Amino acid sequence: MEASTGVSQLVEHLFRHESGKMVATLTRIFGIEHLNLAEDVVQETLSRALQTWPYRGVPENPSAWIMRASRNLALDVIRRQKTFRAKEAEIARLIERDVSAPETANFSENEIADDRLRMMFVCCHPVIPAEAQVALALKTLCGFSVMEIGRAFLTSEAAIAKRLTRAKQKIQEARIPFEIPVGAELARRLDSVLQSLYLLFNEGYKASSGEKLVRDELCQEAIRLTELLANHPAGNQPETHALLALMLLNAARFAAREDPHGNLLRLQEQDRTRWDQMTIARGMSHLRESAAGDGLSEYHLQAGIAVCHAMAIDYESTDWERILSLYDRLMEFDDSPVVALNRAVAVANVHGPKAGLEAVRAIRGREKLDAYHLFYSVIGELEMRLNHHGAAAREFRKAFELAATKSERAFLLKRLQACEESQTTQQ
């Protein structure tokens, strides 16, 4: 029983870390139109590992075994299906090479990295809706099941399955090539890839709903894929390094964002000795690389804001004037109400809560924040700092009603109760 459990855990680990590589490589061989077939072959291979390894023992090189078994199974499929008859010799040559090396992987790391980047550019093609891009990337590149993706985005398996089906239909209809674009097309497509990775990280960094505020596995997948992109000539661009710096600098705070009971801790409440200094150093290194050339992106500015927090020894030492100036620049790239709300917080920390409230009232398109719980939470905090406890309580109550994560609801309830107690004392 213990051996079977150990094998199951090993296969699960391999599926998470190796399946994306195998699916990408087999997709190159079969053609992007046969993405489902590549996924099915890899899934069947891992099922066979679960069935055979408990009795025959785990191979010396499990990853190579799975790649080789996938190759053999793929070859069987090709020989059975008429679809591939015209390409059989070419495909067989690709799959069967390096047969003489039974304990090594069949493809070089550079080939695998290129295949995964090709898949990334397919998943994040502009013709595919943004929410479907992330779901497709999690499925094909990260080995997430439909159930896991549904759980991550708090939606049903059926809804995720529909997103994936539609995304694959878009790939077919648009005849998206399985390639890393070049020239002007690379610049255009890279924006979509970076936006998709940013969306994936943000969903993990502050989950939109559910039990957990942070979904570390989503953030780590986003970081891993962005590193893969940054290490390739096609993705080795200043904005890629800036996004990676932003991710790493924010991820460094994971351990300190919640207390032992899973309750939210604000920046001023966090134990900064728990911030991961090695991750901060990695983030700073990528930020330096992002300075190449004259280009400036919103990722550069957001990473600059993250640096201000990372470098402050305590909350009081935070360079809020620098943060405000960066938000002023960021508004030139993105004048969305959410960015303006974050800027209002910086205004309050530089010029006081009254100025912060005025900045909130001046937000263009403020009605778009009506269903955004942090909008009311920010106003509540500023009203509380002005000792307007009744007004603060009303805002915190609205925020509490709209918040969807357990830890945020608990935090907002405490703020609401504190306001109500202060209001009672004043009376």
Side-chain angles (χ1 to χ4, degrees), residues 202 204-216 219 246 249-276 279-280 302 305-324 326-327 338-353 355-357 359-360 369 372-389 391-393 395-422:
N202 280 348
Y205 187 71
K206 201 212 74 63
S208 54
S209 52
E211 290 290 309
K212 295 177 66 179
L213 177 70
V214 177
R215 291 195 179 96
D216 183 63
C219 292
L246 172 61
L249 290 167
N250 284 334
R253 303 201 296 262
F254 278 169
R257 290 185 69 207
E258 297 176 315
D259 69 15
H261 306 292
N263 296 314
L264 171 67
L265 295 174
R266 296 174 298 169
L267 265 174
Q268 57 263 50
E269 297 163 343
Q270 292 177 17
D271 177 359
R272 298 188 178 215
T273 63
R274 299 185 66 200
W275 289 5
D276 188 332
T279 302
I280 290 174
Q302 291 195 54
I305 293 167
V307 166
C308 291
H309 292 300
M311 295 296 100
I313 58 172
D314 53 37
Y315 188 78
E316 291 69 30
S317 304
T318 306
D319 189 349
W320 284 105
E321 290 190 359
R322 171 69 176 158
I323 289 174
L324 179 55
L326 289 167
Y327 270 120
V338 171
V339 172
L341 181 64
N342 290 332
R343 178 186 174 277
V345 174
V347 169
N349 279 287
V350 174
H351 300 297
L357 283 172
V360 170
L369 298 173
Y372 187 47
H373 71 282
L374 291 178
F375 174 59
Y376 302 102
S377 179
V378 167
I379 297 174
E381 290 289 344
L382 297 178
E383 294 283 14
M384 199 172 182
R385 284 169 60 181
L386 289 167
N387 292 320
H388 299 162
H389 299 294
E395 301 299 331
F396 283 130
R397 188 174 291 108
K398 290 178 189 174
F400 173 77
E401 290 168 356
L402 289 168
T405 63
K406 183 179 177 182
S407 61
E408 285 183 309
R409 284 174 64 82
F411 168 78
L412 290 165
L413 182 59
K414 284 171 64 176
R415 302 301 281 169
L416 172 59
Q417 290 170 341
C419 286
E420 290 175 338
E421 287 172 8
S422 297

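This is a predicted model, so every value here is computed, not measured.
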Report the distance from atom [atom1] of [X] to atom [atom2] of [Y], rounding to the nearest 0.5 Å.
X      : Y      : atom1 : atom2 : result
His389 : Glu383 : NE2   : CD    : 11.0 Å
Ile280 : Asn250 : CD1   : CG    : 10.5 Å
Glu421 : Leu416 : CD    : CG    : 10.0 Å
Leu249 : Met311 : CG    : CE    : 7.0 Å
Thr273 : Ile313 : OG1   : CD1   : 13.0 Å
Gln417 : Phe400 : CD    : CZ    : 9.0 Å

Close side-chain approach of [X] to [Y], heavy-atom, < 4.5 Å:
X      : Y      : value
Met384 : Phe396 : yes
Arg253 : Leu267 : yes
Arg322 : Leu326 : yes
Arg409 : Leu412 : no
His309 : Ile323 : yes
Leu341 : Tyr372 : yes
Glu258 : Leu265 : no

I'd like to know if Glu395 pairs up with Arg415 as an ion pair, taking the criterion as any Lys NZ or Arg NE/NH1/NH2 lying under 4.0 Å from an Asp or Glu carboxylate oxygen.
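Here Glu395 does not pair with Arg415 in a salt bridge, since their nearest N and O are not under 4.0 Å apart.
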Taking the six-membered ring of Phe411 as reference, does the NZ or CZ atom of Arg266 fall below 6.0 Å from its centre and within a 45° cone about the axis?
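Geometry flag: not set, cation outside 6.0 Å or 45°.
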Check whether more than 12 heavy atoms from other residues, nucleotides or ligands sit under 6.0 Å from atom CZ of Arg385, and answer yes or no.
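Yes - once you tally the heavy atoms of other residues, nucleotides and ligands closer than 6.0 Å, there are more than 12.
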Side chain of [X], backbone of [Y]: donor and acceptor closer than 3.5 Å?
X      : Y      : result
Arg274 : Ala255 : yes
Arg272 : Ala312 : yes
Glu321 : Val350 : no

